[in-house]
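Reviewing the structure listed below.
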Amino acid sequence: MVAMTTPSCPCGLPEAYGACCGRFHAGSAAAPTAERLMRSRYCAFVRQDGAYLLRSWHPRTRPERIDFDPGMRWTGLEILDTDGGTAFHSTGTVTFRASYRGGSLHERSRFERIGGAWVYVDGDFPG
């Protein structure tokens with residue numbers, strides 16, 4: 001008998017999607033830290049979940065819509081650094097490298113808590 005394994009979440013954590021980012025995407029839980037929100041947003045890009053991306057974007061910087069590139073294939077996420085972003089903070093930054101077929105995106109993202117929920121504000125691209 002072959003054991004069935006559930007693939008881990010695209011965000012890079014070992015849990016299955018439903019127990020990891022899927023619960024944030026469904027709205028049944030809120031990301032507890034800026035890093036978990038960043039991971040769930042990466043996962044939403046992988047799954048092309050524009051509604052979640054817009055919901056988790058700060059109203060001040062949120063675009064009207066998200067246009068996905070149908071040829072984009074995200075292949076992995078690496079967290080390089082975090083600063084703040086825990087239950088004890090109101091702001092935080094997460095520096096990460098998101099790989100895709102043909103290259104990678106290196107960004108330092110800024111997050112704020114609004115009404116207790118983490119939201120993405122903006123990011124810059126370190127040199």
Side-chain angles (χ1 to χ4, degrees):
M1 183 168 150
V2 176
M4 295 296 288
T5 59
T6 303
S8 60
C9 189
C11 81
L13 295 177
E15 295 102 341
Y17 167 75
C20 192
C21 294
R23 60 199 174 106
F24 305 142
H25 294 174
S28 59
T33 65
E35 179 185 333
R36 287 302 294 261
L37 180 67
M38 206 248 57
R39 287 179 178 277
S40 71
R41 287 177 55 82
Y42 168 82
C43 185
F45 273 104
V46 170
R47 299 174 61 88
Q48 297 192 359
D49 184 345
Y52 178 76
L53 290 167
L54 291 172
R55 268 197 330 271
S56 61
W57 212 307
H58 195 294
R60 186 177 71 239
T61 56
R62 178 189 309 136
E64 285 186 30
R65 68 176 196 276
I66 297 174
D67 296 319
F68 293 102
D69 176 349
M72 178 66 85
R73 295 293 175 262
W74 295 102
T75 58
L77 177 66
E78 179 184 4
I79 303 297
L80 303 173
D81 187 46
T82 60
D83 183 28
T86 73
F88 302 106
H89 300 99
S90 59
T91 63
T93 61
V94 180
T95 304
F96 67 92
R97 182 174 294 112
S99 300
Y100 55 87
R101 195 178 320 147
S104 67
L105 169 74
H106 183 196
E107 181 176 311
R108 182 184 310 108
S109 295
R110 293 187 319 127
F111 299 88
E112 289 181 15
R113 281 206 315 193
I114 297 178
W118 286 106
V119 292
Y120 171 77
V121 177
D122 59 18
D124 57 45
F125 306 100

query = With hydrophobic residues grouped by side-chain heavy-atom distances under 4.5 Å, do V121 and W118 end up in a single group?
reply = no
key: Gap separating the CD1 atom of I79 from the CZ atom of R36, nearest 0.5 angstrom   = 10.5 Å
key: Least distance between heavy atoms, A98 atom then W74 atom   = CB-CZ3, 3.6 Å
query = Does a side chain donor of either E35 or T33 reach within less than 3.5 Å of an acceptor in the other side chain?
reply = no
key: Side chain T82, main chain V94, donor-acceptor under 3.5 Å   = no
ask   = Could you state the interatomic distance from CD1 (I114) to OG (S56), rounded to the nearest 0.5 Å?
value = 11.0 Å
ask   = Is a side-chain N or O of R23 found less than 3.5 angstrom from the main chain of C20, in a donor-acceptor match?
value = yes
ask   = Just checking, any donor-acceptor pair under 3.5 angstrom between side chains of Y52 and S40?
value = yes
message = Under a 3.5 Å distance rule, please check whether R55 uses its side chain to pair with a backbone N or O of G27 as donor and acceptor.
response = no
ask   = When you measure from the side chain of R62 to the backbone N and O of L54, does any donor-acceptor pair fall under 3.5 Å?
value = yes
ask   = Between CZ of R110 and CG of D83, what distance do you get to the nearest 0.5 Å?
value = 12.0 Å
query = Is any side-chain N of the basic residue among E112 and R60 closer than 4.0 Å to the acidic one's carboxylate O?
reply = yes
ask   = Looking at side-chain heavy atoms only, is the closest gap between F96 and E78 below 4.5 Å?
value = no
ask   = Applying the 4.5 Å side-chain criterion to the ILVMFWY set and letting contacts propagate, would L80 and L37 be lumped into a single cluster?
value = no
note = One should read off an interatomic distance between L77 CG and S99 OG, to the nearest 0.5 angstrom, of 8.5 Å
message = Do I66 and Q48 have side chains that approach each other closer than 4.5 Å (heavy atoms only, starting at C-beta)?
response = no
query = Is the side chain of Y42 donor-acceptor paired with the backbone N or O of G76 at a distance under 3.5 Å, no angle test?
reply = yes
inquiry  = Quick check: do L13 and R39 have side-chain heavy atoms less than 4.5 Å from each other?
reply    = yes
query = Taking C-beta and beyond as the side chain, do R47 and Y17 meet within less than 4.5 Å on heavy atoms?
reply = yes
request  = Answer yes or no on whether R41 is positioned over the face of W57, meaning its NZ or CZ is under 6.0 Å from the six-membered ring centre and within 45° of the axis.
outcome  = yes
task = Considering non-hydrogen atoms only, spot the tightest contact between P126 and H106 and give its length.
result = CD-O, 3.8 Å
query = How about F111 and H58: are their ring centres within less than 6.0 Å of each other?
reply = no
Value rounded to 0.5 Å, distance of CZ in R97 from CD in E107 = 12.5 Å
task = Just do the side chain to side chain donor-acceptor pair (under 3.5 Å) check on T86 and H89 with the steps written out, would you?
result = CA-CA 5 Å; T86 73; H89 300 99; 2.8 Å; yes
key: Check: F24 and C11 side chains under 4.5 Å, non-hydrogen atoms   = no
inquiry  = Can you confirm whether S109 sits close enough to Y120 that some side-chain heavy atom of one is under 4.5 Å from a side-chain heavy atom of the other?
reply    = yes
key: Verdict with reasoning, F68 to L53, per side chain to side chain contact (heavy atoms under 4.5 Å, CB included)   = CA-CA 11 Å; F68 293 102; L53 290 167; 3.8 Å; yes
query = Taking all atoms of both residues into account, what is the closest heavy-atom pair of H25 and C43, and its distance?
reply = CE1-SG, 3.7 Å
